[in-house]
Colleague: 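Can you keep this structure in mind? I'll have questions shortly.
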Amino acid sequence: MTKKFYITTAIDYVNAEPHIGHAYQKIVADTLARWHRLLDEDVFFVTGTDEHGKKVQRAAENTGKSPKEFVDDVSKKFKDAWTALNINPDRFIRTTDEDHKKVVQEFIKKCDKTGDIYKGEYKGLYCTDCEAYFTEKDAPNFQCPTHKRPLENLKEETYFFKLSKYQKFLLDLYKKNPKFILPKERRNEVINRIKEGLKDLSITRTSFKWGIPFPLDNKHITYVWFEALINYYTATREKGKEKFWPADVHILGKDNTWFHCVYWPAMLKSAGIKLPKTIFNHGFLTFNGEKISKSLGNAISPKTLAEKYSADTIRYFALRQFPFASGEDGDFSEKALIDRHNNELANKLGNLISRVSTLTEKYGLEKTTIKKLKIFPTKRKVEKHLENFEIDKALNEIFAFIDKCNEFVQKQKPWETKDKKVLYELANAIKDFTILLSPFIPGTCEKIAKTFNFKIDIKELNNPIKVSKIKKSDILFKKI
RNA sequence: AGCGGGAUGGAGCAGUCUGGAGUGCUCGCGAGGCCCAUAACCUCGAGGUCGGUGGUUCAAAUCCACCUCCCGCUACCA
């Protein structure tokens with residue numbers, strides 16, 4: 001039986017357009033999905049968009065579109081951005097999808113059966129922008145501290161989810177499963193906050209219509225967060241996909257930590273559904289040293305970037321530059337990107353392919369046993385790093401191997417000796433590292449495979465490359 | 001103020017959790033090699049009391065305490 005691997009990203013809220021921060025997360029998830037697929041696992045990779053709520057309803061009204069037209073437009077922009085970056089989810093889920101609505105309603109009924117949902121009243125100062133209530137202490141002068149607008153005094157009939165009931169369950173869960181919340185800095189934060197006490201969660205709204213009707217009372221709309229989280233489960237209710245639940249890893253940004261690490265497991269427990277194995281909370285990116293924001297106008301679209309550079313350059317930089325596993329923030333600077341593109345992709349990798357393919361075209365290959373350029377130590381290290389989400393280190397290992405190849409060419413001087421065996425060893429090494437590199441920069445790796453006539457398949461690491469006629473490769477990365 | 005991050009050869013970073021010769025990466029500088037290749041590639045070198053002080057230890061960039069200085073955040077948002 002092949003191992004299954006189910007990976008998800010956060011689904012993006014459609015009130016703003018995609019930027020490089022969103023892209024970073026999707027690139028990482030896509031790479032991990034591709035890696036597990038390379039290892040012959042049965043992989044399911046899901047990303048998508050979060051489309052309900054008052055903010056979206058209002059954003060749509062401002063543009064004169066219907067909510068549905070509006071979310072269709074923005075959702076497509078996300079989807080297109082991922083295509084431009086060679087990010088290929090198995091499903092692009094939208095919370096407006098019909099199957100999602102159905103699954104959410106069933107989910108809520110299950111929680112209700114457990115006795116975890118009750119009707120109550122929520123009183124407070126409400127900010128429509130935040131879709132949240134504030135206490136007078138948090139909101140001096142009855143103004144929203146973030147939006148500086150006057151708060152509405154609201155008293156709403158609402159349904160609650162008994163989150164407080166799960167306090168002990170959650171703390172036990174983290175204790176028993178140290179990998180449930182990663183990295184561990186985030187875990188400690190969550191634990192400390194839970195220890196301050198959990199309140200029940202208001203999970204319905206009546207002030208607007210753009211959402212999933214609450215199945216227990218049709219005057220109510222389901223609260224966006226409560227509903228959106230369920231998307232991960234929805235995707236596995238499709239026929240044939242059931243086996244993928246529970247998720248192996250949810251990838252999300254650190255601002256989503258609380259919802260995913262607290263609400264989500266409590267909700268699943270209540271509904272009697274298995275819990276995901278790992279929730280990975282990564283850091284944020286700044287862009288050219290500045291925080292990414294609409295008002296600063298630096299929220300450059302991933303698509304524009306991918307057109308300016310290439311999908312693989314963006315992918316390589318995003319994966320190599322930041323210590324993903326640390327959960328820390330990083331800066332996406334174009335200068336650093338160009339640096340890595342020129343030095344690592346063009347000079348080291350690109351030039352190696354260029355020089356070896358030229359030499360091979362001239363002198364040909366002759367089969368021999370591989371003595372110097374053995375891939376297995378590298379493979380083991382890459383495997384281990386990826387298990388620990390150390391994506392930057394994995395890439396570093398592969399490039400250390402590429403350095404070894406360049407040293408080998410230099411030492412052996414095949415242009416002088418015309419030694420076909422040396423060239424064979426190099427071609428074989430190129431096959432090997434290209435296979436390992438393929439989840440990171442898939443487009444480039446396909447080109448290399450075509451030049452050297454091999455298949456990108458993990459089994460090919462055990463098979464010496466077959467001797468064939470090889471033509472000089474096109475330039476893979478032009479210097480910037 | 002609160003919270004968070006940082007201080008490592010000329011620049012920018014890893015390394016710190018899990019202590020073991022100042023190790024690594026990219027750039028820059030100096031010398032040499034190579035002439036297959038994208039003016040690319042390879043080798044060697046100069047340059048650092050790892051912010052400071054004290055402590056723990058056979059051993060500290062790494063652990064502990066205190067101090068100094070920088071920078072973010074407390075706007076939407078992965």
Colleague: For Ala346(A), which contact category applies under a 4.0 Å heavy-atom criterion: base, sugar-phosphate, or nothing?
Modeller: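 Touches a base.
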Colleague: Tell me every residue that passes side chain to side chain donor-acceptor pair (under 3.5 Å) with Thr257(A), counting only those two or more places apart in sequence or in another chain.
Modeller: Asn281(A)
Colleague: Under 4.0 Å between a side-chain nitrogen and a carboxylate oxygen: does that hold for Asp474(A) and Lys447(A)?
Modeller: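 Looking at Lys447(A) together with Asp474(A), the answer is no, because their closest N to O distance does not fall below 4.0 Å.
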Colleague: Quick one: side chain to side chain contact (heavy atoms under 4.5 Å, CB included) partners of Ala247(A), sequence neighbours excluded?
Modeller: Tyr6(A), Trp245(A), His250(A), Pro276(A)
Colleague: Among C27(B), U38(B), A78(B), find the nucleotide with the atom closest to the side chain of His19(A).
Modeller: A78(B)
Colleague: Write down the distance separating the P atoms in C64(B) and G24(B), rounded off to the nearest Å.
Modeller: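 Each nucleotide's P atom is 27 Å from the other's.
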Colleague: Stacking between Tyr24(A) and the base of A78(B) (centre distance under 5.5 Å, interplanar angle under 30°)?
Modeller: no
Colleague: Please identify each residue that fulfils side chain to side chain contact (heavy atoms under 4.5 Å, CB included) with Asn396(A), with sequence neighbours left out.
Modeller: Arg320(A)
Colleague: Out of A78(B), C41(B), C27(B), which nucleotide sits closest to the side chain of Asn347(A)?
Modeller: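 Selected nucleotide (nearest to the side chain): C41(B).
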Colleague: Watson-Crick or G-U wobble partner for U57(B), using a 3.5 Å limit on both distances?
Modeller: none
Colleague: Mind checking what makes side chain to side chain contact (heavy atoms under 4.5 Å, CB included) contact with Ala394(A), not counting sequence neighbours?
Modeller: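 Here the qualifying residues are Val382(A), His385(A), Leu386(A), Phe440(A).
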Colleague: Rounding to the closest angstrom, what is the interatomic distance between G12(B) and C50(B) at atom C1'?
Modeller: 16 Å
Colleague: Using OP1 and OP2 only, check whether a side-chain N or O of Lys393(A) sits under 4.0 Å from G15(B).
Modeller: no
Colleague: Does NZ or CZ of Lys277(A) come closer than 6.0 Å to the centre of the six-membered ring of Phe180(A), within 45° of the ring's axis?
Modeller: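 No cation-pi geometry.
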Colleague: Any strand counts, and the cut-off is 3.5 Å on both contacts for Watson-Crick or G-U wobble. Which nucleotide pairs with C13(B)?
Modeller: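 The answer is G24(B), by the H-bond criterion.
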Colleague: Which one, U38(B), U26(B), C76(B), comes nearest to the side chain of Lys55(A)?
Modeller: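 Nearest to the side-chain atoms of Lys55(A), counting from C-beta on, is C76(B).
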Colleague: Taking the C1' atom of each, how far is C17(B) from C35(B), in whole Å?
Modeller: 48 Å
Colleague: Does the structure show a Watson-Crick or G-U wobble partner for C69(B), both distances under 3.5 Å? Name it, or say none.
Modeller: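 Per the H-bond distance test, G6(B).
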Colleague: Heavy atoms under 4.0 Å is the rule here; annotate nucleotides 4-9 of chain B 5' to 3' with B where the base is hit, S where only the sugar-phosphate is, and - elsewhere.
Modeller: --S---
Colleague: Which is more 5' along RNA chain B, the nucleotide nearest Glu390(A) or the one nearest His22(A)? Just name the residue.
Modeller: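 Its nearest nucleotide being more 5', the pick is Glu390(A).
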Colleague: Strictly by Watson-Crick or wobble contacts shorter than 3.5 Å, is anything paired with G19(B), and which nucleotide is it?
Modeller: none
Colleague: Per the side-chain hydrogen bond (donor to acceptor under 3.5 Å, both in side chains) rule, which among Glu51(A), Arg94(A), Glu227(A) passes with His100(A)?
Modeller: Glu227(A)
Colleague: Applying side chain to side chain contact (heavy atoms under 4.5 Å, CB included), can you list everything that pairs with Lys466(A), at least two apart in sequence or on another chain?
Modeller: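 Once residues adjacent in sequence are excluded, the partners of Lys466(A) under the side chain to side chain contact (heavy atoms under 4.5 Å, CB included) criterion are Asn453(A).
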Colleague: Can you tabulate the close N/O pairs, meaning under 3.5 Å, that link protein atoms to atoms of nucleotides 32-37 of chain B?
Modeller:
from   : atom 1 : to        : atom 2 : distance (Å)
G33(B) : N2     : Gln410(A) : NE2    : 2.9
C35(B) : OP1    : Glu416(A) : OE1    : 3.4
C36(B) : O2     : Arg355(A) : NE     : 3.2
C36(B) : N3     : Arg355(A) : NH2    : 2.6
C36(B) : N4     : Arg355(A) : NH2    : 3.3
A37(B) : O3'    : Ser354(A) : OG     : 3.1
A37(B) : O2'    : Asn351(A) : OD1    : 2.4
A37(B) : O2'    : Ser354(A) : OG     : 3.2
A37(B) : N1     : Arg355(A) : NH2    : 3.3
A37(B) : N3     : Asn351(A) : ND2    : 3.4
A37(B) : N3     : Arg355(A) : NE     : 3.0

Colleague: Report the nucleotide, chosen from C42(B), C76(B), U26(B), that has the shortest atom-to-atom distance to any side-chain atom of Asn406(A).
Modeller: C42(B)
Colleague: Categorize Phe399(A) for me: base, sugar-phosphate, or nothing, with a 4.0 angstrom heavy-atom threshold over every strand shown.
Modeller: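 Nothing: the residue Phe399(A), judged by heavy atoms under 4.0 Å, touches no strand.
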Colleague: Taking a pair as Watson-Crick or G-U wobble with both distances under 3.5 Å, which nucleotide is matched to A75(B)?
Modeller: none
Colleague: Which residues pass the salt bridge (charged side-chain N to carboxylate O under 4.0 Å, His left out) test with Lys79(A), not counting sequence neighbours?
Modeller: none
Colleague: Suppose we screen for side chain to side chain donor-acceptor pair (under 3.5 Å). Which residues come up paired with Lys372(A), at least two apart in sequence or across chains?
Modeller: none
Colleague: Please identify each residue that fulfils salt bridge (charged side-chain N to carboxylate O under 4.0 Å, His left out) with Lys393(A), with sequence neighbours left out.
Modeller: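 If we apply the salt bridge (charged side-chain N to carboxylate O under 4.0 Å, His left out) test to Lys393(A), skipping adjacent residues, the hits are Glu390(A).
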Colleague: What's the gap between G45(B) and G6(B) when it is taken at their P atoms, as a whole Å value?
Modeller: 33 Å
Colleague: Can you tell me the Watson-Crick or wobble partner of U38(B), both distances under 3.5 angstrom?
Modeller: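 Pair assignment: U38(B) / none.
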Colleague: So Asn396(A), base contact, sugar-phosphate only, or nothing? Heavy-atom distance under 4.0 Å.
Modeller: nothing
Colleague: Does the structure show a Watson-Crick or G-U wobble partner for A31(B), both distances under 3.5 Å? Name it, or say none.
Modeller: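 Pairing partner: U43(B).
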Colleague: Report yes if a side-chain nitrogen or oxygen of Lys411(A) is closer than 4.0 Å to either non-bridging phosphate oxygen (OP1 or OP2) of C42(B); otherwise report no.
Modeller: no
Colleague: Could you check which nucleotide pairs with U49(B) in any of the strands shown, counting Watson-Crick or G-U wobble with both distances under 3.5 Å?
Modeller: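 Pairing partner, where one exists within any strand: none, as none qualifies.
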Colleague: Quick one: label Leu476(A) by what it contacts on the DNA or RNA (base, sugar-phosphate, nothing), any heavy atom closer than 4.0 Å.
Modeller: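 Base contact.
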Colleague: Which residue pairs pass the ring pair (Phe, Tyr, Trp, His ring centres under 6.0 Å) test with at least one member in residues 396-436 of chain A, sequence neighbours excluded?
Modeller: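 Residue pairs passing ring pair (Phe, Tyr, Trp, His ring centres under 6.0 Å), neighbours aside: Tyr316(A)-Phe399(A).
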Colleague: Measure from NZ or CZ of Arg340(A) to the centre of the six-membered ring of Phe317(A) and say whether it is under 6.0 Å with the direction within 45° of the ring axis.
Modeller: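 No, a cation-pi geometry is absent between Arg340(A) and Phe317(A).
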Colleague: If I pick the P atom on G52(B) and the same atom on C69(B), what distance separates them, to the nearest angstrom?
Modeller: 15 Å
Colleague: Which atom pairs link the protein and nucleotides 28-31 of chain B when you take only N or O atoms and keep those under 3.5 Å?
Modeller:
none

